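One structure is given here, and the rest of the page talks about it.
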Amino acid sequence: MSRRRVSIFGATGSIGQNTIDLIARDLDHYEVVALTGASNIALLAKDAIRLNAKIAITAHDHLLSNLQEELKDSPVKAAAGQAALTEAASRPVDWVMSAIIGSAGLQPGLKALEQGATLALANKESLVCAGELILQTANENSAKILPVDSEHSAIFQGLVGEDIAAVERIIITASGGAFRDWPINELANATLAQASAHPNWDMGQRITIDSASMFNKAMEVIETHEYFDVRAGQIEVLVHPESMIHALVGFNDGALMAHVGPPDMRHAIGYALHWPERQVLPVERLDLAKIGSFTFRAPDELRWPALRLAREVMARGGLAGAVFNAAKESALDGFIAGALKFTEMSEVVEETLTVVDNNGGHIDDTMTLDNVLHIDHLARENAHQIIKQRAG
Ligand code: NDP
Ligand code: MG
């Protein structure tokens, strides 16, 4: 049997490393084409050599010589920059992991779909910014998109063999993140270290902070709306501190199908890697008797205003998702840099959504890549301005 050709975008990150963990266990079956990273050159080079990749790419032009140096005694080629990332995504493969963080993941994902590869999509920002474009590109090229976000993998699995028309509601669970039990009036003083410590999941720093603010869940609600054919009003968020039930699909006969598993991203990654089959995965088998109970709470929108903003974005449609994401990325940068308080992130996003409003007809709302990139840029500029004014 010929080996499956795979590429991993964002190989040095949390999802990328979990993907490599699975592939490295079974290297006889895979031919690794491209691995990409950004700042972590040593890890990128080490994995590219270990997996015998054809090419390793850093997103940062200025790090090319470092990467070349690390790879000089190996057959792995080195490249750098946006054009190199796009070129790598155009190389024919069977399966691509899209695990770059942020809207930077959009273009490589589109390129991978254009060449007909199956896209394992962890980069939820692609769907939030440009859901229609991503799905249309997949359609036009008969390419498959498989969700990797744990909630969306759970929903996807819950829908196997089902008719989407029989779905009444989709419930995505949220751990509640680092501050689920904090008094609301103390949230403004939350530090970066406190926001970066997730109670259940071991993830990259940015998504961990987004979990504490629920911006991650807000993005996932939009991701659900874009990926699955369901209305905004059919999507519910449920706080479930144990993070064992990842999502539930509710059908018109009242049945709720829950997906239960340990908080380990290798399940969703492995499901997307082996789909449509299931294969043995190295994840913990839950002992439910030992766990004893699962708990649930309704989400409090005073604590987590991001959830309200997600509904506004879905109601607005068009390019509002791209504005939301760009503003959120800028606000997160602001919090990480110490320019914003934790609670100011949602305020900055809300203000940016108000300022960059295309209802006035000044912005072309058609979903093209150029328009998405334009509004992404505009939203970042406005968000930075708003952050600067606050700091000043
Ligand atoms: P990480 O921050 O751990 O990793 C991000 C990856 O993207 C790294 O390889 C990083 O390179 C690379 N990168 C960073 N900036 C750029 C850029 N401008 N251009 C190209 N590459 C870049 O993120 P995660 O793995 O946590 O998340 C990846 C994606 O998966 C996100 O969209 C996230 O929302 C989603 N996701 C993550 C989950 C998780 O468990 N972590 C769960 C569900 C979804 P380097 O490190 O070398 O700088
Ligand atoms: Mg998730």
Side-chain angles (χ1 to χ4, degrees), residues 7-21 34-48 56-61 63 66-67 70 79-86 88-89 97-109 119-129 147-156 172-175 177 196 198 200-211 214-224 227 237 240 243 245-247 259 261-269 272 325 328-329 332-333 336 376 380:
S7 287
I8 304 169
F9 283 75
T12 49
S14 161
I15 292 286
Q17 288 294 298
N18 277 308
T19 308
I20 287 175
D21 176 80
L35 291 189
T36 87
S39 305
N40 198 341
I41 300 299
L43 183 61
L44 177 62
K46 188 184 104 205
D47 281 337
I57 302 125
T58 161
H60 299 319
D61 289 295
L63 294 178
N66 300 36
L67 184 59
E70 298 272 351
Q82 289 311 311
L85 276 181
T86 310
M97 168 51 76
S98 166
I100 287 175
I101 187 104
S103 61
L106 174 60
Q107 289 185 74
L119 189 70
L121 190 61
N123 180 263
K124 63 192 87 184
E125 296 88 345
S126 302
L127 282 169
V128 172
C129 294
V148 171
D149 217 342
S150 56
E151 298 75 6
H152 305 77
S153 174
I155 299 163
F156 186 89
I172 59 177
T173 58
S175 67
S196 304
H198 199 284
N200 307 347
W201 293 91
D202 179 15
M203 309 186 287
Q205 187 191 35
R206 296 182 72 87
I207 187 174
T208 301
I209 301 169
D210 281 351
S211 296
M214 281 269 189
F215 267 110
N216 181 48
K217 209 51 56 183
M219 300 273 290
E220 290 179 356
V221 168
I222 302 171
E223 187 186 2
T224 305
Y227 183 83
V237 172
H240 165 48
S243 295
I245 298 179
H246 304 300
H259 183 285
D264 182 337
M265 284 309 295
R266 290 177 305 175
H267 172 75
I269 296 167
N325 178 69
K328 190 277 294 179
E329 288 191 34
L332 180 56
D333 290 339
I336 291 173
D376 176 279
R380 279 172 208 269

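FYI, side chains are in, hydrogens and waters are out, and symmetry mates aren't considered; it's all heavy atoms of this structure. Sequence positions, counted from 1, serve as the residue numbers for this chain. These numbers come from a predicted model, not from an experiment. Just follow the structure's listing: the first ligand is 1, and inside any ligand the first atom is 1.
No heavy atom of Arg206 sits closer than 4.0 Å to any atom of ligand 1.
Inclusion of Gly37 in the set of residues having an N or O under 3.5 Å from an N or O of ligand 1 is not warranted. Looking at Asn216 next to ligand 1, no N or O pair under 3.5 Å apart turns up. Here's the thing with Gln82: none of its N/O atoms is less than 3.5 angstrom from an N/O atom of ligand 1. Ligand 1 has no nitrogen or oxygen under 3.5 angstrom from a nitrogen or oxygen of Ser150. The shortest N/O to N/O separation between Gly16 and ligand 1 does not fall below 3.5 Å. For ligand 1, the polar-atom distance check against Asp202 finds no nitrogen or oxygen pair separated by under 3.5 Å. Looking at Thr36 next to ligand 1, no N or O pair under 3.5 Å apart turns up. Where the criterion is an N or O separation shorter than 3.5 Å, residue side chain and backbone included, Met265 fails it with respect to ligand 1.
Each of the following atoms of ligand 1 lies closer than 4.0 Å to a heavy atom of Met203: 39 (C), 40 (O), 41 (N). Residue Gly204 approaches ligand 1 through these ligand atoms, each under 4.0 Å from one of its heavy atoms: 3 (O), 26 (O), 41 (N). Atoms of ligand 1 found under 4.0 Å from any heavy atom of Ala122 (numbered from 1 in listed order, with element): 30 (O), 32 (O), 35 (C), 36 (N), 44 (C). Each of the atoms 45 (P), 47 (O), 48 (O) of ligand 1 lies under 4.0 Å from some heavy atom of Ser39. Against a heavy-atom cut-off of under 4.0 Å, Asn40 is close to the following atoms of ligand 1: 45 (P), 47 (O), 48 (O).
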Item to complete: Determine, stepwise, if the pair Gln17 / Asp47 fulfils side chain to side chain contact (heavy atoms under 4.5 Å, CB included).
Response: CA-CA 9 Å; Gln17 288 294 298; Asp47 281 337; 2.9 Å; yes

Practice prompt. Tell me, with the steps shown, if Thr224 and Ile155 meet side chain to side chain contact (heavy atoms under 4.5 Å, CB included).
Written response: CA-CA 9 Å; Thr224 305; Ile155 299 163; 4.1 Å; yes

Practice prompt. List the steps, then state whether side chain to side chain donor-acceptor pair (under 3.5 Å) holds for Gln82 with Asp61.
Written response: CA-CA 8 Å; Gln82 289 311 311; Asp61 289 295; over 6 Å; no

Fill in: Working for side chain to side chain contact (heavy atoms under 4.5 Å, CB included), residues Ile336 and Arg206
CA-CA 9 Å; Ile336 291 173; Arg206 296 182 72 87; 4.0 Å; yes

Practice prompt. For the pair Ser153 and His246, evaluate side chain to side chain donor-acceptor pair (under 3.5 Å) and give the outcome as yes or no after the intermediate values.
Written response: CA-CA 9 Å; Ser153 174; His246 304 300; over 6 Å; no

Worksheet entry | Worked verdict on Asn216 versus Lys124 for side chain to side chain donor-acceptor pair (under 3.5 Å) | CA-CA 9 Å; Asn216 181 48; Lys124 63 192 87 184; 2.5 Å; yes

Worksheet item: Step by step, would you call Asn325 with Glu329 a side chain to side chain donor-acceptor pair (under 3.5 Å)?
Response: CA-CA 6 Å; Asn325 178 69; Glu329 288 191 34; 2.8 Å; yes

Discussion item. Checking Ser196 against Ile209 for the side chain to side chain contact (heavy atoms under 4.5 Å, CB included) test, could you report, in this order, the C-alpha distance in whole Å, the side-chain angles of both residues, the deciding distance, and whether it holds?
Written reply: CA-CA 5 Å; Ser196 304; Ile209 301 169; 3.9 Å; yes

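Atom 6 (C) of ligand 1 has as its closest protein heavy atom Ala99 O, 3.6 Å. With respect to atom 34 (O) of ligand 1, the closest heavy atom belonging to the protein is Lys124 CE, 3.2 Å. Among protein heavy atoms, atom 16 (C) of ligand 1 sits closest to Ala38 CB, 4.0 Å. Ile100 O, 3.7 Å is the protein heavy atom nearest to atom 29 (C) of ligand 1. Protein heavy atom nearest atom 33 (C) of ligand 1, with residue, atom name and distance: Ile207 CD1, 3.9 Å. Among all non-hydrogen protein atoms, the one lying nearest atom 3 (O) of ligand 1 is Ser14 N, 2.9 Å. Protein heavy atom in closest approach to atom 14 (C) of ligand 1: Ile101 CG2, 3.6 Å. For atom 38 (C) of ligand 1, the nearest non-hydrogen atom of the protein is Ile15 CD1, 3.4 Å.
A donor-acceptor contact closer than 3.5 angstrom is absent between the side chains of His240 and Ser175. Using modelled atom types, one finds no donor on one side chain facing an acceptor on the other under 3.5 Å when comparing Thr12 with Asn40. In the model, Ser103 has a side-chain atom that pairs as donor or acceptor with a side-chain atom of Asp376 under 3.5 Å.
Among heteroatoms of the N, O or S kind in Glu220, OE2 lies nearest the Mg ion (ligand 2). Glu151 has its closest N, O or S atom to the Mg ion (ligand 2) at the position named OE1. Of all N/O/S atoms in Asp149, OD1 sits nearest the Mg ion (ligand 2).
Here the shortest heavy-atom pairing between Leu67 and Ala56 reads CD2-O, 3.5 Å.
Under a cut-off of 6.0 angstrom, the local environment of CG in Asp21 is crowded, with over 12 non-hydrogen atoms contributed by other residues, nucleotides or ligands.
Aromatic pair His267/His259: centroids less than 6.0 angstrom apart.
When non-hydrogen atoms are compared, ligand 1 lies under 4.0 Å from the backbone of Thr12 as well as from its side chain. In Ala59, the part holding a heavy atom less than 4.0 Å from any atom of ligand 1 is the side chain. Counting heavy atoms under 4.0 Å from ligand 1, residue Met219 does not touch it at all.
The residue among Ala104, Ala42, Gly10, Ser126 with a heavy atom at the shortest distance from atom 18 (N) of ligand 1 is Ala104.
Here the side chains of Ser126 and Leu121 are in contact, with some heavy-atom distance below 4.5 Å. Contact of the Gln107 side chain with the Leu85 side chain is not registered, since no non-hydrogen atoms from C-beta on lie closer than 4.5 Å.
Using a 4.0 Å cut-off between a side-chain N of Lys or Arg and a carboxylate O of Asp or Glu, Lys217 and Asp210 do not qualify as a salt bridge.
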